[in-house]
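Below is one structure; the comments refer to it alone.
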Number of protein chains: 2
Amino acid sequence: MEKHTSVCDMRGYLTFLILWIVRKKSLSGAEISEEIAKRKGCKPNPGTIYPALKDLVKKKALSINSKKGKEKCYSLTPLGKEVLDFATKSFCKIFYDVMAR
Amino acid sequence: MEKHTSVCDMRGYLTFLILWIVRKKSLSGAEISEEIAKRKGCKPNPGTIYPALKDLVKKKALSINSKKGKEKCYSLTPLGKEVLDFATKSFCKIFYDVMAR
DNA sequence: ATCTCCATATTGGATATCCAATATTGGTTA
DNA sequence: TAACCAATATTGGATATCCAATATGGAGAT
């Protein structure tokens with residue numbers, strides 16, 4: 001099993017995944033982590049997810065639109081939508097035949 | 001345009017792509033580069049593709065099965081098939097709803 | 001108020017990814 | 001043969017990706 005991941009470790013595309021996950025509704029960092037865990041099998045480290053979120057906010061692809069207590073909710077900005085759109089097209093062109101059933 | 005890629009640069013998954021591309025027929029390094037170029041929009045550098053191929057050979061996921069002159073043809077080994085299978089499943093689980101038209 | 005829990009955040013470092021530049025090698029052509 | 005070209009290969013370095021460990025800060029409980 002780790003024999004496989006050591007050959008082909010499926011790193012990358014974290015920022016793409018984050019943008020994709022929040023595209024419909026805004027979520028907190030913990031909720032985003034949870035959703036990533038569902039997809040990848042394990043939760044990303046705090047040291048992975050929070051810097052990534054911070055960076056996306058800095059680059060104005062995400063905004064923080066509400067904070068109930070300590071929880072911050074992240075949502076796509078107009079720029080974020082644009083970026084996600086572009087990235088999704090690119091993604092589909094690269095991997096167009098991988099998902100084919 | 002580079003505004004977009006600077007936010008979400010779609011790095012990664014090169015080894016997965018390579019395995020995916022040679023899954024049906026063995027190809028030379030140049031042909032693999034060509035196919036990647038079709039998908040990603042630009043050809044990977046020699047300094048990117050050849051070390052990646054070498055590494056996959058070292059890890060016994062690819063084998064070199066014929067050389068007509070300088071061209072080496074790479075094809076999946078049984079282990080490579082296994083790895084690709086595992087990686088494809090993982091990929092589909094992570095991105096299951098991205099390609100959904 | 002103090003304690004505890006949990007989401008958030010930061011730091012440092014290991015590894016991966018990729019490119020630019022350059023070198024090598026084998027086939028082809030003059 | 002020498003010159004040339006294209007595929008392959010290597011080196012060095014910039015950046016990205018991610019984790020382990022640790023810190024901060026707010027909310028609720030005791």
Side-chain angles (χ1 to χ4, degrees), chain A residues 2 4-19 22 26-37 39-59 61-75 83 87 90 94, chain B residues 2 4-19 22 26-37 39-59 61-75 83 87 90 94:
Chain A
E2 61 279 85
H4 294 142
T5 56
S6 73
V7 175
C8 180
D9 80 352
M10 309 300 279
R11 224 176 229 238
Y13 290 84
L14 178 67
T15 67
F16 174 65
L17 242 195
I18 292 173
L19 295 180
V22 301
S26 58
L27 297 170
S28 68
E31 290 170 322
I32 294 170
S33 287
E34 205 60 52
E35 176 62 26
I36 291 173
R39 293 167 183 257
K40 299 185 79 160
C42 69
K43 211 179 274 201
N45 257 273
T48 298
I49 192 73
Y50 291 108
L53 288 170
K54 187 179 185 184
D55 187 57
L56 285 169
V57 169
K58 197 184 89 190
K59 288 173 177 165
L62 290 182
S63 64
I64 299 170
N65 57 332
S66 85
K67 42 179 81 179
K68 28 179 173 99
K70 69 218 150 170
E71 298 223 341
K72 293 183 182 176
C73 279
Y74 296 91
S75 60
V83 169
S90 171
I94 295 172
Chain B
E2 60 278 86
H4 294 141
T5 55
S6 75
V7 175
C8 180
D9 81 350
M10 310 299 281
R11 226 177 229 240
Y13 289 83
L14 178 67
T15 65
F16 174 64
L17 243 197
I18 292 172
L19 295 180
V22 302
S26 58
L27 296 171
S28 68
E31 291 170 321
I32 294 170
S33 287
E34 205 60 51
E35 177 61 27
I36 291 173
R39 292 166 183 258
K40 301 186 78 160
C42 69
K43 210 178 273 199
N45 257 274
T48 298
I49 192 74
Y50 291 108
L53 287 170
K54 187 179 184 182
D55 187 56
L56 285 169
V57 170
K58 195 183 90 190
K59 287 171 177 166
L62 290 183
S63 63
I64 300 172
N65 58 332
S66 83
K67 41 177 85 179
K68 28 179 177 25
K70 68 218 148 168
E71 298 221 344
K72 293 183 183 175
C73 279
Y74 296 89
S75 61
V83 169
S90 172
I94 296 172

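Numbered from 1 within each chain, the chains take letters A, B, ... in sequence-line order.
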Problem set entry | Phosphate OP1/OP2 of C:dT8 contacted by A:Lys54 side-chain N/O (<4.0 Å) | no
For this session: Send over the distance from A:Ile49 CD1 to C:dA7 C1', rounded to a whole Å.
Result: 13 Å
Exercise. Rounded to whole angstroms, how far apart are NZ on A:Lys59 and C1' on D:dT15?
Worked result: 11 Å
Problem set entry | Interatomic distance, B:Leu56 CG vs D:dT8 C1' [rounded to whole Å] | 16 Å
For this session: Scan B:Gly29 against the nucleic acid and name what it touches under 4.0 Å (heavy atoms): base, sugar-phosphate only, or nothing.
Result: sugar-phosphate
Exercise. From the list D:dA21, D:dT8, C:dA7, which nucleotide is the closest neighbour of the side chain of A:Ala30?
Worked result: C:dA7
Exercise. For B:Leu53 and C:dC18, what is the distance between atoms CG and C1' respectively, to the nearest whole Å?
Worked result: 14 Å
Seminar exercise, completed: Correct closest heavy-atom pair for A:Ser75 and A:Ser26 would be CB-CB, 3.4 Å
Exercise. Can you check whether A:Asn45 has a side-chain N or O nearer than 4.0 Å to OP1 or OP2 of D:dA20?
Worked result: yes
Problem set entry | d(CD1, A:Ile36; C1', D:dC18) in whole Å | 12 Å
For this session: Please report, rounded to the nearest Å, how far the P atom of C:dT17 is from the CG atom of B:Asp55.
Result: 9 Å
For this session: Whole angstrom is fine here: how far is it from OH in A:Tyr50 over to P in D:dG25?
Result: 15 Å
Exercise. Looking at A:Lys43, does any N or O in its side chain come under 4.0 Å of the phosphate oxygens OP1/OP2 on D:dC19?
Worked result: no
For this session: Any chance you could lay out the side-chain contact (heavy atoms from CB on, under 4.5 Å) test for A:Ile94 and B:Ile36, step after step, and finish with the verdict?
Result: CA-CA 8 Å; A:Ile94 295 172; B:Ile36 291 173; over 6 Å; no
For this session: Rounded to the nearest angstrom, tell me the gap between atom CD in A:Glu71 and atom P in D:dT24.
Result: 21 Å
Problem set entry | Listed nucleotide nearest any side-chain atom of B:Lys40, set C:dC18, C:dA9, D:dT10 | C:dC18
Problem set entry | Trace of the side-chain contact (heavy atoms from CB on, under 4.5 Å) decision for A:Glu35 with A:Arg39 | CA-CA 7 Å; A:Glu35 176 62 26; A:Arg39 293 167 183 257; 2.8 Å; yes
Exercise. Any side-chain N or O of A:Thr48 less than 4.0 Å from the OP1 or OP2 oxygen of D:dC19?
Worked result: yes
Seminar exercise, completed: dist A:Leu27:CG -> A:Glu34:CD (nearest 0.5 Å) comes out at 11.0 Å
Exercise. How far does OH of A:Tyr74 sit from CD1 of A:Ile64, to the nearest 0.5 angstrom?
Worked result: 4.5 Å
